[in-house]
Every structure is written in C-alpha cells, then in structure tokens.
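Sequence lines set the chain letters: A, B, ... in the order given, protein chains first and strands last, and positions in each chain run from 1. No experiment lies behind these values; they were computed from the predicted model shown.
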Amino acid sequence: MGEAIVITSGKGGVGKTTTSANIGTALALLGKKVCLVDTDIGLRNLDVVMGLENRIIYDLVDVAEGRCRLGQAIIKDKRFDELYMLPAAQTKDKDSVTPEQIRDIVLELKKEHDYIIIDCPAGIEQGFRNAVAGADRAIVVTTPENSAVRDADRVIGLLEQSKIPAKLVINRIRMNMVKSGEMLDIDEICQVLAIDLVGIVPDDEKVISAANNGEPTVMNPASKAAIAYRNIGRRILGDMVPLMQLDEKGGAFKRIRKFLGIG
Amino acid sequence: MTEKQHIVIKGVKEGLVFLLDDQCPYDALIEELQYKLEKTHQQLLSGPLVHVHVKLGSRRLGEEAKEKIKSVIRAQGNLMIQSIESDAPASQDEQGADKLQVLTTIVRSGQIVKHDGDLLLIGDVNPGGSILCTGDIYVLGALRGVAHAGVEGHIDAIIAASLMRPTQLRIADVISRPPEEWMSGDSAMEFAYLSEGQMQIDKLSQMHRVRNNPIMFKYKEV
C-alpha cells in the first residue's frame, strides 16, 4: 500500500506543478514506484512539464466516468523505470468529478505504487476538495512573498480541518534578496506558518528551461534546484538531510582560502 | 413561604433597602416580592413616601427584568424606587474568571474564533485570522491578525499579546490600524485599551494603571 501526497498552495503560480513533477521524479530516481496525478482539470500542465503531452489517450475524467480502465489512462514515463502519470482532462472543468471519485482512483493507485503525487489546482474550491480527497499527507508550496504565505496559511488551516498533516516547501528563494532584507526569510515564514519545513528550493533559471523542454529539473544534477528537489525526495523517504546552504557561492577558491585559514 | 427567605428588607436612614437573593430563580424572587409586599409587610405600605434601594447581589438582570421588579414594588403606592443595582466590581471579576476560556490553537488565515467572555489563546493569530470576544483577549503568542475585544460594546475590554503585530485592533466600536510606531523593534508584551475613545498601546507592565484591580487596593489597605 502506497502513500498519497497532495502538492498544494492556494495561490497560483508558486510552482505546484513544477514541484509535483520534480518531487515525483526525484522519488522515482530513488527507486520508488511513483504515479503523478494531475487534478487541475481544464488547465492541465503537469503533462507538459513532464514532456508527456503527446502520449495522452485517456484522462482522469474518462476514468472517473468509466469510459476506460485506470490502466489505460496511465502513461509510463520511459526515461525512468517506475514513473507513471495520470493526466487531467483539458476540455472539462473541476465540477466534472467528485471528491469520492478521486478518492477511489487514488485508492486504486495506492495498491500498485509506492507514492502517488497529486498536483492540486490553485484555489480552495471544488478543485482543491477533489485533490485532497484521497491524500494521506500534503506538501504546501509557498514562495517568499506575503501573498503566497497568506494563502499557504489559509490552505494549511483547511488541511488541518481535513486532518491531513502538511509540510512546507519554500520555492524560489533568492538569497541575495533575502540578505538585503527585500525578501521574507525562511525563519520568518516558518514562524508564521508553524509547520515542518521539508525543503527549500532556490530560484533557478534552469527550472524554467527544463520545464519548457519537458524535462524535470531533477534530471540535471548541475542545477541547484535539482539538488534541492532530490533532498526533498530523500526527506520524504525519511532520511535526515540538512537544509541546503544557499549563500555559499562559487566554492573552489573560497574553499581553498578557508582551508588555508585566510577566508 | 416557609422555606428560606430570598428577600430581606432593611430600614436605613434614607429609606428601605431590599436585599434580593442572587442564587434563587428569578420567578421565585418575583413571587416572594409580591407576597411580602401584599401580605406580610402591610405596615410598610401605609404611611408616608418611602425611598427604596434594590440590591440584586451578583445577579445580572436585563432591562425588562428590572422593569418587572420596579412594577411590582411600584404597585404599592407609597414606595419609590431610587435604584436597582448589582454589586458590580466583585461580581464582574468573578464572572470574568468563570468565563475565561483557554484555547490552544493557531488561528490561521480565513479562520474566525468567536467567544462570549474573556479568551486566553495559547498560539498565534496569523494575518487574515480573527478573534472576536465580548470580553478581553489575551494572546500568548504572536497577534498578527485582527482582534476585536468587547464586541458588544464593552469599552473596558483590552487586548494583550506577547507579540503585538496586528493587522487591525478593535475594542467595542473603535477600530484602529496600527501606526508605524507600534511596530517597535522590541518584542515586549503589549496591550491595547481605550482611553477617552482612543486606542492606546502600552507595555503589559502598565496594565495595573488602566485596570484598577480591586484586589490590589485591598492589599494596600491592609
């Protein structure tokens, strides 16, 4: 029996889909059998980010309404051993499925997979209720902006009501802005939201280019964001991984100076 | 009327004092009052005009209930009611202590906590979250959202917090947006109160000046 994790945020554009794709891929790289589920019906993106758009035949709504079997709708990502995805429908809207239907689908998927990563749509309406219906736990994504933190707080409140334990990912941190005091720092956010931090992801241009190429960033180990997502994956599996040091720049020379004791 | 008497009538210099028991049911009180005035204390009623003070003890009555007592006493021609009062300060303290509720939670964005009486919240109030109380609000944690004390117009209500960073404070019907100077860098515990209709903020250690706590006076006298 696997575990279902919903990736949610309340606010749009903070990186739910990117986080879903990368955490899912990271877990697959760590040898787990993972299924990504896109519940953003009508505005599906996860397939694009994963580069699997052209392989969709059936979708979530088809499964929910019984037009196909679950196995027919699931797409296997051939780049990895055990990574699958269930795409959302693009033509319908959020009301075309019920939380019960999603719960049944997730329950079915849990039998076959170690982890089900559910990509939640923005907002707290029907789409959100659908996405959290089958989830065992949640990862709330936020960025170091007041508006995103406010919405994350609202969502954490709703998750608490549904008795779903939530952890936090802070996305798109720009260390130079945090240092100059223009951006909220990590401690401040954690203090307000008062939930466990499961990872911080630095702002990285490679994430954007990777998403456009349909390759999750995690696959490129040269990117800092990739390391961050891999760390999150390991933490989900229960490893103790220290938080990334974001402020140490361009290492080698500095490290030598430090080694010589003049740094 | 053989059971315990609920009403004691005393003669004082200014007239009569009716001491009404504060534990028995209200209806019994009215019944006994009627009975006493009409049957047993006839001698009071034949004579010159007498001033009457009614003391309710710790009982709280609405206007309607007070009016009922007045009308019963007034029915006897020569009794004139000067006052009807509950012993305010002591009973208020007791009531406050009874109604203080302790709540351990985080009030997150979009959540509203309503309470009748005083509330002690152990936890934070996040931006977008609200607390509404008819009495005082004490936050053992950070107050970053909206707090409204004295919702029903009680202007003596206060709002105290370990970390005072509210989006808005309201006491009775006074609304205040914290000006910049509240946001002092020090994280001392502070409280908000109304002084002449204006919201004031002060260090928690100054609260005794605003609240003349009767117990403290007693100790001084001793």
Side-chain angles (χ1 to χ4, degrees), chain A residues 6 8-12 14 120-129 131-132 137-170 181-197, chain B residues 101-115 119-133 137-148 159-170 175 177-190 204:
Chain A
V6 63
T8 182
S9 74
K11 189 177 180 294
V14 295
C120 177
I124 52 170
E125 296 84 17
Q126 181 70 30
F128 172 80
R129 285 192 288 273
V132 301
R137 50 176 170 148
I139 289 178
V140 175
V141 184
T142 188
T143 57
E145 293 161 83
N146 266 327
S147 51
V149 173
R150 211 58 62 81
D151 290 0
D153 190 40
R154 178 89 172 96
V155 161
I156 293 166
L158 294 172
L159 289 168
E160 279 172 355
Q161 277 171 22
S162 316
K163 307 251 183 300
I164 299 173
K167 292 200 173 175
L168 185 69
V169 167
I170 305 176
E182 292 168 273
M183 198 174 245
L184 293 174
D185 73 40
I186 297 158
D187 285 345
E188 231 174 313
I189 298 170
C190 291
Q191 250 174 38
V192 171
L193 297 181
I195 58 171
D196 292 345
L197 189 64
Chain B
Q101 197 199 343
V102 181
L103 187 66
T104 313
T105 185
I106 299 177
V107 182
R108 295 187 183 275
S109 177
Q111 298 178 336
I112 299 177
V113 172
K114 285 184 186 167
H115 176 61
L119 181 71
L120 171 63
L121 175 77
I122 303 176
D124 297 348
V125 183
N126 280 352
S130 315
I131 303 188
L132 289 94
C133 270
I137 297 173
Y138 311 96
V139 180
L140 258 180
L143 173 56
R144 298 191 181 90
V146 176
H148 190 172
I159 302 169
S162 310
L163 185 68
M164 193 66 110
R165 296 285 182 277
T167 32
Q168 210 178 67
L169 288 179
R170 301 178 190 180
I175 300 179
R177 205 169 48 83
E180 287 308 309
E181 58 260 33
W182 292 17
M183 300 301 186
S184 50
D186 61 348
S187 48
M189 292 196 244
E190 288 171 311
L204 203 60

Check your understanding: Taking B/Pro127, B/Gly128, B/Gly110 one by one, which has the highest count of heavy-atom pairs under 4.5 Å against chain A?
Key -> B/Pro127
Check your understanding: When only heavy atoms count and the cut-off is under 4.5 Å, which of residues 141-151 of chain A reach chain B?
Key -> A/Arg150
Review point. What's the shortest heavy-atom distance between A/Asp153 and B/Arg108, and which atoms?
Key: OD1-NH1, 2.9 Å
Practice item. Give, for atom CG of A/Leu193 and atom CG of B/Asn126, the distance between the pair rounded to the nearest 0.5 Å. Key: 7.0 Å
Review point. So which residues of residues 160-168 of chain A are in contact with chain B at a heavy-atom cut-off of under 4.5 Å?
Key: A/Glu160, A/Gln161
